[in-house]
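The structure appears below as structure tokens.
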Amino acid sequence: MEITDVNENEEKKSLNFIEQLVENEIKEGKHDGRILTRFPPEPNGYLHIGHAKAIYVSFGIAEKFGGKTNLRFDDTNPEKEDEEYVEAIKEDIKWLGYEWEGEPKFTSDYFDQLYTWAQELIKQGKAYIDSQSSEEMAKQKGTPTTPGTASPYRERSTEENLELFERMKNGDFEEGTHVLRAKIDMAHDNMHMRDPLMYRIINAPHHRTGDTWHIYPMYDWAHGESDYIEGITNSLCSLEFEIHRPLYEWFVENIKDGEYQPLQTEFSRLNLNYTVMSKRKLLQLVEEEIVSGWDDPRMPTISGLRRRGYTPKSIRSFIDTVGVSKRNNIIDVALLESSVKNELNKTVPRVMAVLDPIKVIIDNYPEGETEWLDAENSQEDESLGFRKVPFSREIYIEREDFREEANKKFFRLKLGGKEVRLKSAYFIKGESVEKDADGNITVIHATYDPLTKSGSGTEESKRKVKGTLHWVSAEHAIDAEVRLYDRLFMDENPDGHKETNFKEFLNPDSLKVITAKVEPYLKDAKHDDKFQFQRKGYFVVDKDSTADKLVFNRTVGLRDSWKK
RNA sequence: UGCCCCAUGGUGUAAUGGUAACACAUCGGCUUUUGGUGCCGCUAUUCAAGGUUCGAGUCCUUGUGGGGUAACCA
């Protein structure tokens with residue numbers, strides 16, 4: 001039974017508030033039942049798990065109600081944006097399993113239309129060129145409790161406005177000398193309505209339009225009009241744009257030609273504990289080389305999660321379970337982890353890898369002999385079959401799986417204690433240890449019971465044992481680099497402290513690189529192959545892995561209910 | 001301080017005026033050739049006060065708490 005399948009789940013689940021709204025619109029025949037949403041990233045950074053929610057919401061609504069979704073790059077600020085990000089964003093969306101309608105769109109495709117509309121607003125007396133400094137304008141804006149005052153340029157003549165506007169476009173002016181503002185209401189309760197900026201001068205080349213333009217539209221002016229141009233029905237965005245909605249509507253109402261108008265609806269963004277989600281802070285981690293890049297497996301980016309071993313399905317099911325509402329939230333990262341464990345548990349083969357090896361010599365096992373034992377690949381999926389695992393006199397086990405002395409709660413290997421099972425092999429007993437000059441154990445001596453071979457069906461092999469250990473044959477084991485990742489921050493809400501910089505909370509142990517001994521079966525493992533290292537967790541082959549040197553990333557550890 | 005939004009177990013989300021539920025987390029038990037998985041169970045929830053109603057988590061009022069907002073960013 002596929003209980004994790006997102007779509008199957010959705011049929012049983014109640015609709016979220018946006019889905020209810022859209023359902024009602026369709027019932028009422030709005031837009032003739034047509035649904036077109038859009039996902040509008042700014043190409044100034046990589047997508048993160050928060051964007052995955054935005055993608056899920058916009059693409060998901062369209063999927064659910066037979067609509068489509070446009071991908072539109074909101075590229076109105078050439079100083080921050082870059083083509084590199086455009087490609088990375090497209091790749092991430094595709095990887096998540098979504099398809100946008102037609103070709104990707106760019107707000108810059110609409111610069112001409114936007115410019116024409118702006119000229120019309122000027123002609124209608126609804127926009128004007130202001131030639132003050134930003135400081136002066138900020139002063140005139142007033143405060144929430146006191147109305148603003150009019151700019152001395154507010155009543156400039158249409159002719160002068162038009163001429164200045166054209167010269168701004170052509171690059172006749174320095175940055176900061178003039179702006180185009182909408183003429184709305186300097187006393188409005190909503191500060192965004194106090195004659196907001198529509199255009200500013202930026203004399204920098206744009207990644208798509210080159211040096212054609214010297215003015216660039218502001219978000220509020222560009223966004224709603226782009227939605228309008230594309231025929232978007234539902235413009236879904238996060239809560240901080242709620243207060244922009246009256247402006248979004250004012251702009252569209254003043255350029256529209258007919259009944260059609262897109263509707264903006266806001267929902268709360270996704271926040272995860274023990275990480276940061278702002279692009280600015282993520283960029284800082286990248287630039288200061290605190291992480292290895294946008295796709296560092298500790299990053300909450302889509303590319304980071306991918307490299308960490310997350311699957312598109314697990315991310316989608318995670319977003320599905322966290323839901324969509326208007327409440328501020330901080331979601332426990334354990335929920336994200338449980339979604340990937342839940343999927344990997346069912347799909348991924350088990351192998352044996354010893355992360356912190358200590359040698360065990362089985363004194364009564366014949367020297368020089370190797371047996372190739374059958375090991376089950378998955379207890380959850382029989383179709384994954386069996387593989388051969390070599391067994392010999394000298395093996396490695398996990399250092400923490402042995403104690404010279406321990407209480408009854410410790411049911412792993414100890415001296416003079418009960419026998420333990422070597423997974424898919426034999427039962428052994430701890431006999432003695434060798435130590436170096438400092439008293440550290442260097443070798444454990446054990447004996448095995450030849451009648452207890454796994455799968456042999458003998459009475460002896462059916463004896464109840466409390467402990468089962470994973471192991472690898474010393475002679476056959478291969479070395480692999482294993483990167484053990486932990487949360488990047490030690491604080492649940494690293495950017496939630498006004499007096500403390502988020503970097504103060506960085507976890508010094510967020511990455512540990514070790515050399516593990518893994519079974520030879522893994523020799524041919526390829527980039528992105530995923531495994532469960534028995535009793536240790538889920539691991540994925542990193543892109544740094546080569547034929548000569550295997551590299552694994554730990555996606556997530558297994559639940560460990562053993563209280564030490 | 002004005003305006004806007006939000007308030008359900010530890011976390012997140014449902015209940016659409018009619019028995020407050022689900023997932024994750026926690027704790028306990030059973031099963032198990034992974035101290036994994038699976039199964040069973042425990043603990044724990046409607047911010048407060050009024051009002052409307054036969055009946056309020058849901059509607060109304062006030063209060064309280066949290067968040068957003070006054071960029072030539074998006």
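Just so we're on the same page: letters track the sequence lines, and every chain starts at 1.
For B:A74, the base has a donor-acceptor partner in the side chain of A:H244 [N/O atoms by modelled type, under 3.5 angstrom].
As judged by a 4.0 angstrom heavy-atom cut-off over every strand, A:E492 is placed among residues making no nucleic acid contact. Within the 4.0 angstrom heavy-atom criterion, base atoms lie near A:V179. Counting non-hydrogen atoms under 4.0 angstrom, A:Q20 reaches a base of the nucleic acid. Residue A:F241 is classed as a base contact, given a heavy-atom separation below 4.0 Å to a base.
With no hydrogens or angles considered, no side-chain donor-acceptor pair links A:E376 and A:S424 at under 3.5 Å. In the model, A:T275 has no side-chain atom that pairs as donor or acceptor with a side-chain atom of A:R487 under 3.5 Å. Side-chain contact of A:Y248 with A:Q264: a donor-acceptor pair under 3.5 Å is absent, judged by distance alone. Between the side chains of A:T311 and A:S314, at least one donor N or O sits under 3.5 Å from an acceptor N or O. Residues A:D82 and A:H207 bring no donor and acceptor atom of their side chains to less than 3.5 Å of each other. A donor-acceptor contact under 3.5 angstrom links the side chains of A:Y128 and A:D195, judged on distance only. Counted by atom type alone, A:R156 and A:S131 present one or more donor-acceptor pairs between their side chains at under 3.5 Å.
Judged as a side chain to side chain contact (heavy atoms under 4.5 Å, CB included), and not counting sequence neighbours, the contacts of A:E380 are A:N345, A:R350, A:S378. Not a single ring-ring contact (aromatic ring centres under 6.0 Å, His included) links A:Y153 to another residue, sequence neighbours left out. For A:H470, the ring-ring contact (aromatic ring centres under 6.0 Å, His included) criterion is met by no residue, not counting sequence neighbours. Every residue two or more places apart in sequence or in another chain that forms a side chain to side chain contact (heavy atoms under 4.5 Å, CB included) with A:L451 is listed here: A:D449, A:E460. Applying the ring-ring contact (aromatic ring centres under 6.0 Å, His included) criterion to A:H178, with sequence neighbours excluded, gives A:F173. Legend: residues meeting ring-ring contact (aromatic ring centres under 6.0 Å, His included) with A:F318, ordered by chain and number and at least two apart, are absent.
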Pick out the pairs of N or O atoms, protein on one side and nucleotides 1-8 of chain B on the other, that lie under 3.5 Å.
residue	atom	partner	partner atom	Å
B:G2	N2	A:D189	O	3.4
B:C5	O4'	A:E242	OE1	3.4
B:U8	OP2	A:R327	NH1	2.3
B:U8	O4	A:R327	NH2	3.0

Check the interface with nucleotides 19-22 of chain B: list each N/O to N/O pair with the protein under 3.5 Å, or write none.
none

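Shown here for A:L270 and A:I49, the closest heavy-atom pair between the two residues is CD2-O, 3.4 Å. Between A:L422 and A:S454, the shortest heavy-atom contact is O-OG, 4.5 Å.
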In dot-bracket notation, what is the pairing pattern of RNA chain B, taking Watson-Crick (N1-N3 plus N6-O4 or O6-N4) and G-U wobble (N1-O2 and O6-N3) contacts under 3.5 Å, with [ ] crossing and | for other strands?
.((((((..((((....[..))))..((((.......)))).....(((((..]....))))))))))).....

Which letters describe nucleotides 25-45 of chain B, given B = protein heavy atom under 4.0 Å from base, S = only from sugar-phosphate, - = neither?
---S----BBBBS--------

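Mapping A:V322 and A:K141 onto RNA chain B by nearest heavy atom places A:V322 closer to the 5' end of the strand.
For B:U13, the OP1/OP2 oxygens have no side-chain nitrogen or oxygen of A:S14 closer than 4.0 Å.
Applying a 4.0 Å cut-off to non-hydrogen atoms, the residues of residues 217-226 of chain A that approach RNA chain B are A:P217, A:M218, A:Y219, listed by residue number.
Applying the salt bridge (Lys or Arg N to Asp or Glu O under 4.0 Å) test to every pair with at least one member in residues 134-146 of chain A, sequence neighbours left out, gives no pairs at all.
In this structure, A:D195 atom CG and B:C72 atom P are separated by 13 Å, rounded to whole Å.
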